[in-house]
Visitor: 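This is the structure I want to talk about, given as structure tokens.
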Amino acid sequence: QELQQGFDHTIARDQRIEPRDWMPEGYRRTLIRQIAQHAHSEIIGMQPEGDWITRAPSLRRKAILFAKVQDEAGHGLYLYSAAETLGADRADLTQRLIEGRQKYSSIFNYPTLTFADVGVIGWFVDGAAICNQVPLCRSSYGPYARAMVRVCKEESFHQRQGYELLMTMMRGTAAQREMVQDAVDRWWWPSLMMFGPPDGDSPNSAASMAWKIKRHTNDELRQKFVDMTVPQAERLGVTLPDPALRWNEERGRHDFGTPDWTELQRVISGDGPCNSERIARRRAAHEEGAWVREAASAYAAKQAARAAEAAVAAEGAAA
Amino acid sequence: QELQQGFDHTIARDQRIEPRDWMPEGYRRTLIRQIAQHAHSEIIGMQPEGDWITRAPSLRRKAILFAKVQDEAGHGLYLYSAAETLGADRADLTQRLIEGRQKYSSIFNYPTLTFADVGVIGWFVDGAAICNQVPLCRSSYGPYARAMVRVCKEESFHQRQGYELLMTMMRGTAAQREMVQDAVDRWWWPSLMMFGPPDGDSPNSAASMAWKIKRHTNDELRQKFVDMTVPQAERLGVTLPDPALRWNEERGRHDFGTPDWTELQRVISGDGPCNSERIARRRAAHEEGAWVREAASAYAAKQAARAAEAAVAAEGAAA
Amino acid sequence: AAELAGCCLALGDDALVSAQRLAEWCTRAPELEEEMALANIGLDLLGQARLLYARAGQADGTGRDEDAYAYFRDADDFRSVRLAELPNGDFAFSTVRLLVLSCWRLAHFDRLAASADPVLAAIAAKGVKELTYHRQFAAEWAVRLGDGTEESHHRMRAALDRVAPYLDELFAARPGFGVDPAAIRDEVTAVLRQVLDAAGLPLPEAAALPGHGRAGDHTEYLAPLLAELQSVARAHPGATW
Amino acid sequence: AAELAGCCLALGDDALVSAQRLAEWCTRAPELEEEMALANIGLDLLGQARLLYARAGQADGTGRDEDAYAYFRDADDFRSVRLAELPNGDFAFSTVRLLVLSCWRLAHFDRLAASADPVLAAIAAKGVKELTYHRQFAAEWAVRLGDGTEESHHRMRAALDRVAPYLDELFAARPGFGVDPAAIRDEVTAVLRQVLDAAGLPLPEAAALPGHGRAGDHTEYLAPLLAELQSVARAHPGATW
């Protein structure tokens with residue numbers, strides 16, 4: 001009780017919970033699940049873009065993309081570390097991912113078909129991620145909030161790079177402009193779905209909001225993303241594929257159409273265009289790396305044994 | 001003794017030895033070795049060209065190349081069957097190949113670097129193979145001789161196709177002509193080495209000649225190949241990379257330079273540019289196919305058992 | 001004519017992409033007999049693609065030749081089904097895919113042999129004989145592997161699971177085929193069930209993937225496949241081979 | 001200037017081809033830490049390639065930019081060593097290759113940091129820091145794997161056997177480096193021996209392969225690597241990215 005009061009108090013005063021602080025089991029579990037999903041999303045999210053590193057059409061873009069995908073691996077690492085501060089184990093979380101027992105963002109189950117997708121992912125997907133994550137920089141759990149600060153900084157850099165690639169392509173050949181519009185058409189709705197189901201159907205949100213793990217509802221964030229993106233699309237010269245999209249003077253916000261929630265449900269439940277590809281690739285990497293990890297452990301154990309032996313010998317010599 | 005006399009008699013009259021005929025152990029062993037090496041050469045020889053099927057620059061060339069490589073698999077099959085008539089076992093021969101205990105033609109240890117190589121291999125390598133193999137159609141061992149008839153017919157077809165590809169390329173762009181000349185430069189000397197070491201250094205030749213397994217010496221065949229190829233090169237408009245190459249009016253044949261026999265030795269002993277690649281690929285295919293072969297055997301065994309059971313049941317019903 | 005061209009293009013693209021995947025088996029098959037059979041099937045399909053492209057070039061009024069279709073279109077211009085472009089995987093996956101695609105194609109060609117276009121009808125009639133052999137080869141292996149060892153059975157199940165989401169696309173109604181997709185679905189499903197029953201394997205149900213290869217929606221695998229296929233041809237513009 | 005250009009081109013090509021192979025590890029590394037390290041090394045090398053190509057374009061008088069070198073040359077115009085272009089193989093092979101190439105490159109850059117060309121000297125000086133880290137990473141893994149499990153030791157031996165025939169090419173005298181190849185050989189061999197001793201691994205002897213990557217002789221692996229690398233750039237002539 002006393003502990004619960006302390007916890008509630010910390011939350012109420014917008015102060016941070018730290019790893020050694022007491023926390024309710026539900027809070028811990030919810031956080032682990034959310035952080036792990038977030039980490040998994042970073043790792044799986046490397047795949048759709050990573051496949052274009054070898055084919056990037058200029059060395060500058062190759063370097064930018066390579067660095068971006070590397071940043072995602074880094075985000076995955078911080079986030080797994082944040083989850084470990086809550087008592088989770090990285091190897092266990094990876095196992096859950098490759099057995100399909102933990103989710104990752106549905107957006108990464110869509111295929112990247114042309115190099116324009118790299119730009120649009122930067123613009124839409126990193127943009128949506130930022131909308132989602134900027135509030136998480138004020139998440140009540142300290143390590144998660146701090147990881148988010150770094151992640152968001154890098155993602156806003158990625159978003160600008162994606163948009164800049166699209167700008168360059170739109171100034172290029174007709175074929176390039178077509179590629180951009182085609183990529184926008186394919187990624188727009190899946191990006192809107194990144195914010196999750198509509199608030200009415202989002203059962204976990206209330207608790208997360210109360211615990212200040214989350215700070216805004218799915219629909220609020222989705223609206224924010226649309227409002228941010230529409231003027232960017234105009235500047236770029238592309239059409240967002242939603243006939244219902246228009247400025248609502250009264251609300252001071254954009255109205256927009258309803259995403260195909262059954263599609264989201266299908267993708268989340270495992271039947272998206274690339275779910276099985278993504279998991280299979282991650283599993284293969286994990287399994288093919290097993291002998292390397294085993295060798296590293298064996299070597300570490302030998303080194304420890306040698307150090308111990310040396311210490312005993314030194315003691316013996318001293319005696 | 002009587003058997004030996006009968007064998008000698010058959011050989012002397014240029015008649016054929018057939019599988020059920022008695023033959024000296026040395027004859028059998030020599031033949032198995034030669035036929036196996038020949039079969040291995042067909043199978044390994046699929047690799048350097050086979051890799052270009054997926055990249056052939058027109059559908060017509062793709063079909064031609066695909067068919068050619070398939071023919072080589074077919075040649076391998078006939079030849080392994082011919083070796084089996086001598087008591088050899090295909091699986092055992094394959095094992096010898098992938099363990100490096102039996103050889104294949106040194107020529108297939110050179111890399112194919114451009115599509116022109118496909119044409120030059122047809123022209124030189126199939127041309128050299130024909131020079132080597134036409135006499136083998138009269139080999140004293142019946143099944144080998146008959147296999148050679150079919151192989152030679154297909155190879156002369158392949159040679160014409162290779163030459164025709166080069167003709168087309170020489171009428172094409174400057175880059176295509178350069179590709180052809182470059183390929184000719186790379187393949188000429190290795191092709192001359194296909195006939196084996198000079199006669200003075202070819203220890204097995206004498207016995208093979210006496211048994212009429214072989215019909216001409218290495219140097220005779222090499223000379224024939226050069227005489228055949230020089231006018232073809234002129235018609236094509238390429239230069240053969242041998243400054244010593246000239247017509248010798250007196251001999252009525254071409255003089256030509258000496259191949260780098262130490263290179264041949266190196267390639268035969270395993271240190272050619274692609275030896276380890278070729279064997280590794282063949283081994284991988286064999287090993288990765290193990291579960292398929294096992295499944296086929298298991299299925300065949302089950303079917304046989306079911307048939308036997310059905311027969312017993314039928315008998316029981318009849319009784 | 002646009003309908004005819006669309007039909008020829010779709011069937012030609014299926015054949016070319018399939019032939020390319022079969023060519024990747026070259027020097028990698030489990031035995032020489034399968035090496036030759038897979039090459040044979042690849043060659044048949046390549047031949048079909050060439051005839052179909054030639055017909056498409058006449059029918060769509062562009063007069064393009066076979067190589068224009070094969071080498072100078074990008075992935076989103078291809079009208080092949082996505083099942084054809086998936087990587088080869090193991091021999092079980094390649095067998096299951098070949099079984100499905102040859103059942104589907106044979107059912108189609110059977111009907112197209114009576115097509116109003118005499119050229120397409122002749123291509124289809126010739127193809128029927130080839131496809132009957134392809135289906136036979138795949139079916140025999142499906143049974144052997146399904147009813148072989150535990151490992152082969154397990155691999156066949158995994159292959160079927162992998163193929164299942166791509167089945168629906170085959171039977172979606174598309175303009176220009178002049179063939180009733182429902183009838184095709186019934187026929188193909190019946191044949192598949194018969195083969196899989198003999199193999200002791202289930203035909204798994206799976207939700208259809210969104211999008212449609214016939215509309216130019218492809219997987220991430222098609223662009224790299226084409227990059228390889230087209231690399232030499234595109235490196236030498238204006239060359240003849 | 002031709003000598004300078006040749007030197008920059010060779011070192012640039014080594015770096016680009018190596019970076020491309022490292023990029024293939026992306027999403028396939030044994031752990032996230034190695035994922036990041038391999039990407040980091042790939043990025044360093046890509047950066048070196050870009051600077052070296054820029055210098056080559058000035059020195060050879062053509063004024064070509066980095067992308068002209070990377071995207072619009074064919075395999076036989078590349079001057080990289082063949083070791084760089086071999087497929088990745090397993091983590092042991094990639095580790096051994098990285099160890100060898102980074103030892104060689106570091107020995108070279110160390111000397112080039114005193115080059116008469118100030119631009120090349122600056123590129124080399126920057127590279128020395130990067131390459132010291134690459135070598136460190138590879139050496140640590142070589143020791144771990146050599147002295148890890150039986151399997152990892154066995155894989156390391158196989159990797160060393162595979163690498164051995166490609167070593168000689170690194171030390172063949174080439175014009176334009178202004179560096180004594182014998183001194184490089186001694187230095188690199190000494191470092192390799194030291195690392196391999198710690199790993200309990202032998203440095204196998206092997207006959208050198210004929211031909212020379214610096215003269216444009218390559219393996220069958222370079223053309224497909226470049227086909228992939230160049231596919232998008234070549235599909236869109238005249239585009240900027």
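Any value given below was found using the heavy atoms of this structure, including those in side chains, with hydrogens, waters and symmetry copies removed. Residue numbers begin at 1 in each chain, while the letters A, B, ... track the order of the sequences.
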Visitor: Counting distance only, does the side-chain N/O of B:Gln70 pair as donor-acceptor with the main-chain N or O of C:Ala39 below 3.5 Å?
Guide: no
Visitor: Which distance, rounded to the nearest 0.5 Å, do you find between the CE of C:Met36 and the CG of B:Asp71?
Guide: 7.5 Å
Visitor: Non-hydrogen atoms of chain C under 4.5 Å away: do they reach the side chain of B:Thr173, the backbone, both or neither?
Guide: side chain
Visitor: If you apply the rule side chain to side chain contact (heavy atoms under 4.5 Å, CB included), what do you find for B:Tyr299 with C:Thr149, and how did you get there?
Guide: CA-CA 8 Å; B:Tyr299 176 75; C:Thr149 60; over 6 Å; no
Visitor: Would B:Glu288 and C:Arg28 satisfy side chain to side chain contact (heavy atoms under 4.5 Å, CB included), going step by step from the backbone distance to the final call?
Guide: CA-CA 8 Å; B:Glu288 279 157 29; C:Arg28 294 181 171 87; over 6 Å; no
Visitor: Side chain, backbone, both or neither: which part of C:Glu66 has a non-hydrogen atom closer than 4.5 Å to chain B?
Guide: both
Visitor: Report which part of B:Met179 has an atom under 4.5 Å of a heavy atom belonging to chain C: side chain, backbone, both, or neither.
Guide: side chain
Visitor: Return the option, out of C:Asp147, C:Thr240, C:Leu46, with the maximum number of heavy-atom pairs under 4.5 Å with chain B.
Guide: C:Asp147
Visitor: Please round to the nearest 0.5 Å and tell me the distance separating atom CH2 of B:Trp291 and atom NE2 of C:His154.
Guide: 10.5 Å
Visitor: Using every non-hydrogen atom in the two residues, find where B:Ile53 and C:Cys26 come nearest and quote the distance to one decimal.
Guide: CD1-SG, 3.9 Å
Visitor: Applying side chain to side chain contact (heavy atoms under 4.5 Å, CB included), run through B:Val292 and C:Glu31 and close with a yes or a no.
Guide: CA-CA 9 Å; B:Val292 178; C:Glu31 256 308 353; over 6 Å; no
Visitor: I'd like to know whether NZ of B:Lys302 has more than 12 heavy-atom contacts from other residues, nucleotides or ligands below 6.0 angstrom.
Guide: yes
Visitor: Please rank B:Glu294, B:Glu72, B:Lys62, B:Gln303 by heavy-atom pairs under 4.5 Å with chain C and give me the top one.
Guide: B:Lys62
Visitor: Count the heavy atoms of every other residue, nucleotide or ligand shown that sit under 6.0 Å from CD of B:Glu99, and state whether that count exceeds 12.
Guide: yes
Visitor: Do you know which of B:Ala284, B:Ala63, B:Gly50 has the most heavy-atom pairs with chain C at a distance under 4.5 angstrom?
Guide: B:Ala63
Visitor: Of all the heavy-atom pairs spanning B:Leu59 and C:Asp67, show the shortest one and how long it is.
Guide: N-OD1, 2.9 Å
Visitor: What residue, out of B:Thr54, B:Thr94, B:Thr168, has the most heavy-atom pairs lying under 4.5 Å from chain C?
Guide: B:Thr54
Visitor: Just verifying a value: how many Å separate B:Ser297 OG and C:Arg144 CZ, rounded to the nearest 0.5 Å?
Guide: 10.5 Å
Visitor: Would B:Arg60 pass as a cation-pi partner of C:Trp241, given that its NZ or CZ must be under 6.0 Å from the six-membered ring centre and within 45 degrees of the axis?
Guide: no
Visitor: Tell me, for B:Phe115 versus chain C, whether the close heavy atoms (under 4.5 Å) come from the side chain, the backbone, both or neither.
Guide: side chain
Visitor: Most heavy-atom pairs under 4.5 angstrom with chain C, which of B:Met169, B:Gln176, B:Met46?
Guide: B:Gln176
Visitor: Evaluate whether atom CD of B:Glu164 has more than 12 neighbouring non-hydrogen atoms of other residues, nucleotides or ligands under 6.0 angstrom away.
Guide: yes
Visitor: So which part of C:Tyr71 gets closer than 4.5 Å to some heavy atom of chain B, the side chain, the backbone, both or neither?
Guide: side chain
Visitor: Which heavy atom of B:Gly76 sits nearest a heavy atom of C:Leu32, and at what distance?
Guide: C-CD1, 4.4 Å
Visitor: Using heavy-atom distances under 4.5 Å, tell me whether C:Ala92 contacts chain B through its side chain, its backbone, both, or neither.
Guide: both
Visitor: Quick check on B:Ile44 against chain C: is it the side chain, the backbone, both or neither that has a heavy atom closer than 4.5 Å?
Guide: neither
Visitor: For chain C, find which of B:Gly289, B:Pro57, B:Ala285 contributes the most heavy-atom pairs closer than 4.5 angstrom.
Guide: B:Pro57
Visitor: As an exercise: rank C:Arg155, C:Glu151, C:Glu34, C:Glu24 by heavy-atom pairs under 4.5 Å with chain B and give me the winner.
Guide: C:Arg155
Visitor: Could you tell me which portion of C:Arg234 (side chain, backbone, both or neither) has an atom closer than 4.5 angstrom to a non-hydrogen atom of chain B?
Guide: neither
Visitor: Could you check which of B:Gln47, B:Arg293, B:Arg61, B:Arg281 has the highest count of heavy-atom pairs closer than 4.5 Å to chain C?
Guide: B:Arg281
Visitor: Taking side chain as C-beta onward, heavy atoms only, is C:Leu229 less than 4.5 Å from B:Arg55?
Guide: no
Visitor: With heavy-atom distances below 4.5 Å as the criterion, would you say the side chains of B:Thr114 and C:Val232 are in contact?
Guide: no
Visitor: Is the count of non-hydrogen atoms from other residues, nucleotides or ligands lying under 6.0 Å from B:Lys103 atom NZ greater than 12?
Guide: yes
Visitor: With a 4.5 angstrom heavy-atom cut-off, which part of C:Ala19 approaches chain B: side chain, backbone, both or neither?
Guide: backbone
Visitor: Quick one: what part of C:Asn40 sits under 4.5 Å from any heavy atom of chain B, side chain, backbone, both or neither?
Guide: both
Visitor: Which answer fits C:Leu225, side chain, backbone, both or neither, if we ask what part of it has an atom under 4.5 Å from a heavy atom of chain B?
Guide: neither
Visitor: What part of C:Ala70 gets within 4.5 angstrom of chain B, counting heavy atoms only: side chain, backbone, both, or neither?
Guide: side chain
Visitor: Whether the side chain of C:Glu35 engages the backbone of B:Ala73 through a donor-acceptor N/O pair (distance < 3.5 Å, no angle test) should be reported.
Guide: no
